[in-house]
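Written out below as structure tokens is the structure these notes cover.
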Amino acid sequence: MQRLLIDTDPGVDDALALLMAYAHPETKVEALTVTAGNVGIEHTLRNALNLVELVGADTPVFAGARDPLVRPAEDAAFVHGNDGFGDIGLPSPTRAAEPEHAALAMVRLAQRYPGELTFVMLGPLTNLALALAIDPDLPKRVPRLVVMGGAVNGRGNVSRATSEFNVHFDPEAAAVVFEAWPQFELVDWEATLAHGIPFAELAGWLGADTDRARFYDAISRKTRDWMRRIRDLAHWHAADGLAMAVVLDPDAAELWETRAARIELDGGLTRGMTVVDWAERMGWRPQCRILMRYRLDRFADLIRAALR
Ligand code: BDR
Ligand code: CA
């Protein structure tokens, strides 16, 4: 049984990743820690609680960072909807968040399950940077960290051309994590682009006669339209879903590259860029296992199972 702590800013692709985790028989979601990111924390928290209710789980949900560590950042409401779940008018959740802060919950749960938890980071890294400030020994107790973030060749997805959203939202937090964590797995935006799902295929799965498929069809409609019409894309790019696939079925990863990676904080044009030492010239510690290729059929299997 794999125990997960999932840090998330739901978010349409976060929702898919969460459904994938809840559908997986060998996995237990021990906690959801929530951050601002795609939209404000009042929405991401509400969305996380709604999703836990939908799947009928009793996972504790912890509210975390309201803002990035240093500078304010723009959200991604134009992709995910103003409420982060496609503005479909979901009812308010009946359950509430736990009183403890997300960063404190990370520290406490890592102590409660030493050597057992996988931390899955699906949003900006603010909560984890705060947890590391509280407990620098955290990596000793958390054997696996999987991060969705970065653009390893500088092909980003935000207004700064070279940056990816999660890192761009809170570059200082990402820098803290990239420097402090001895070894982690990175699923970046460019891997996401390389593992798109054809819209027609996705539409078939969303037509399943289940609560989860209906829910996901509804909350993802705006984002799918945006990708298809505005971005003119033929494929659905589910960044957080791919990261979760790596967590749940790591054997389907076909190619990794291990390199040093750091975050640019000062560049006038490149703040928030993920700087990867591809040619190994910098003498930096190669701490980052970068996903290069993942079996699309196995990714599709996990998505289908999530919508059943
Ligand atoms: C990441 O940014 C967010 O908009 C998505 O939820 C994902 O975590 C992709 O760059
Ligand atoms: Ca996310």
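Order of appearance sets the numbers: ligands from 1, and atoms from 1 within every ligand. Each residue takes its place number in the sequence, starting with 1.
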If the threshold is 4.0 Å, N to carboxylate O, is there a salt bridge linking [X] and [Y]?
| X | Y | answer |
| --- | --- | --- |
| D225 | R228 | yes |
| R3 | E116 | yes |
| R271 | E172 | yes |
| R281 | D277 | no |
| E100 | R108 | yes |
| R71 | D170 | no |

Open item on the list: Is a donor from one side chain sitting under 3.5 angstrom from an acceptor on the other, for T27 and Y22?
Closed with: no

TODO: Kindly indicate whether the side chain of K222, heavy atoms from C-beta on, has any atom under 4.5 Å from the side chain of V12.
DONE: no

Nitrogen or oxygen contacts under 3.5 Å, ligand 1 side and protein side:
residue	atom	partner	partner atom	Å
ligand 1	2 (O)	N166	OD1	3.4
ligand 1	4 (O)	N38	OD1	2.5
ligand 1	4 (O)	H80	NE2	3.2
ligand 1	6 (O)	D13	OD1	2.5
ligand 1	6 (O)	D13	OD2	3.3
ligand 1	6 (O)	D14	OD1	3.0
ligand 1	6 (O)	N38	ND2	3.0
ligand 1	6 (O)	D240	OD2	3.1
ligand 1	8 (O)	L122	O	2.9
ligand 1	8 (O)	N166	ND2	3.0
ligand 1	8 (O)	D240	OD1	2.7
ligand 1	8 (O)	D240	OD2	3.0
ligand 1	10 (O)	N157	ND2	2.9
ligand 1	10 (O)	E164	OE2	2.4

- [ ] Sort by chain and number the protein N/O/S atoms that are closer than 3.0 Å to the Ca ion (ligand 2), and list them.
- [x] D9 OD1, D14 OD1, D14 OD2, L122 O, D240 OD2

Open item on the list: Please tell me whether F178 and F184 form a close aromatic pair, meaning their ring centres lie under 6.0 Å apart.
Closed with: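 Close enough - the centres of the two rings lie under 6.0 Å apart.
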
